[in-house]
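Reviewing the structure listed below.
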Amino acid sequence: MKKERRRNLRNTALWLHFTITIFDIFLIVSILLFVLALAADRLGFFRQHSPSPLFLILMMLIISVISATSISALIAKRVLMSISEMSRAAQEVAKGNFDVKLSESNHILEIYELQHNFNIMTSELRGIETLRNDFIVNVSHEFKTPLAAIDGYATLIQDPDMPEDERLEYIGMIIESARQLSRLTGNILKLSKLENQELVYDKKEYSLDEQIRQAVLWLEREWSPKDINFEINLEECKYYGNSDLMMQIWINLIGNAVKFTDNGGNISISLVRCDDKVIFTITDNGIGMDEKTKEHIFEKFYQADGTRGRAGNGLGLALVKRITDMCKGEVSVESSPGVGSQFKVVLPLNEQKRER
Ligand code: ADP
């Protein structure tokens, strides 16, 4: 309360200061004009007029000083009211309340711009706050299931009479849940690191087609029990980039194609060089996606309804998108429910020649 009063006093002082300055300027100019008029009178310029022009000049000067000072006081008060409103709003923002909005009604361009930019700032902050809250909710949600599983199975295996095969099965479940948690934290860390990084480091030239073949082999444990048919056509292509990051793209896209394709399904992978770009395409005849899912799949933690049961945490495609963006490339998807999906990654090659 005290602070508020002090601030108001300071505000008043500011607008008074502005008014007094205007008043001073007018007063000095008026005195000068009056001294000039006085000198002219002494020299006999006004002698034949009545009432004395000197008196008229004095009256005019007094009226102009009063009116100009009052007008400037009104204007100054109006301007400073907006500033004090902004100061109060900024205090609210500092306290963490991003819902404040200033009225963008000031006619002075600079003040109007200040109010407008302030509102943009609070709206951006509101967006970040929502993202942060969503992030916390999503992370907690993703942690909850494996933690509950570990808790449940660990409690069960404490029973000394439990048959050995059942105990082993539950231990397996605990290990799988722990790995799920480890994958989740690993992906969160990777994504947050990449989101704070603009440039790709540790680049080297390597064979992209060879790397994609390695990625398919790396996932053998996933696709061989499902009896999936692969059709692979990879043109030879040297790529200059960070091979670990690029491997993430291929593992996530091929892993998803395997995960969302039923037993005995088909997956085709191609790599084509085209002018100054290289195009990677992966097509599956799996479950496919509806329009709503396609719109959101690159968002963090997004998983389509009905796919949540399958291992995953909705971070894979967010990572793919972030890495392709960092490489100045593009990733796109075409898909129909029940028909299958096609992901395309386009990476520029020219950019890299210049960098080297
Ligand atoms: P997840 O770890 O769940 O696979 P992703 O970010 O990789 O996370 O994918 C997000 C969601 O996109 C998946 O949960 C799934 O609903 C959908 N999706 C991704 N790839 C495919 C695909 N090839 N076929 C069908 N749906 C897919």
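Start at 1 and go down the list; that is how both ligands and their atoms are numbered.
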Just which atoms of ligand 1 are under 4.0 Å from any heavy atom in [X]?
X      : answer
Gln303 : 3 (O), 14 (O)
Ala304 : 14 (O), 16 (O)
Tyr302 : 10 (C), 11 (C)
Phe343 : 20 (N), 23 (N)
Lys259 : 1 (P), 2 (O), 4 (O)
Gly288 : 25 (C)
Leu315 : 6 (O), 8 (O)

Inset, instruction - May I ask whether Asn252 has any heavy atom positioned less than 4.0 angstrom from an atom of ligand 1? - result: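 So Asn252 does not count as touching ligand 1.
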Inset, instruction - Would you check, one step at a time, whether the test salt bridge (charged side-chain N to carboxylate O under 4.0 Å, His left out) holds for Glu176 with Arg183? - result: CA-CA 10 Å; Glu176 183 42 46; Arg183 273 196 301 271; 3.3 Å; yes
Legend entry - Between NZ on residue Lys277 and CD on residue Glu330, distance to nearest 0.5 Å: 9.0 Å
Inset, instruction - Indicate yes or no: does Glu129 engage Arg126 in a salt bridge with an N to O separation below 4.0 Å. - result: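 Answer for the salt bridge query: no.
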Legend entry - Side-chain donor or acceptor of Trp250 paired with backbone N/O of Leu208 under 3.5 Å: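 No: the side chain of Trp250 does not pair with the backbone of Leu208.
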Legend entry - Single-linkage hydrophobic cluster, 4.5 Å side-chain cutoff, Leu271 and Phe230 together: yes
Inset, instruction - Report yes or no: do Asn266 and Asn229 form a side-chain donor-acceptor pair below 3.5 Å? - result: yes
Legend entry - Option whose closest heavy atom lies nearest to atom 17 (C) of ligand 1, chosen from Ile297, Asn187, Leu184: Ile297
Inset, instruction - Could you tell me if the ring centre of Phe135 sits under 6.0 Å from that of Phe301? - result: yes
Legend entry - Polar atom proximity, Gly314 to ligand 1 (N or O, under 3.5 Å): yes
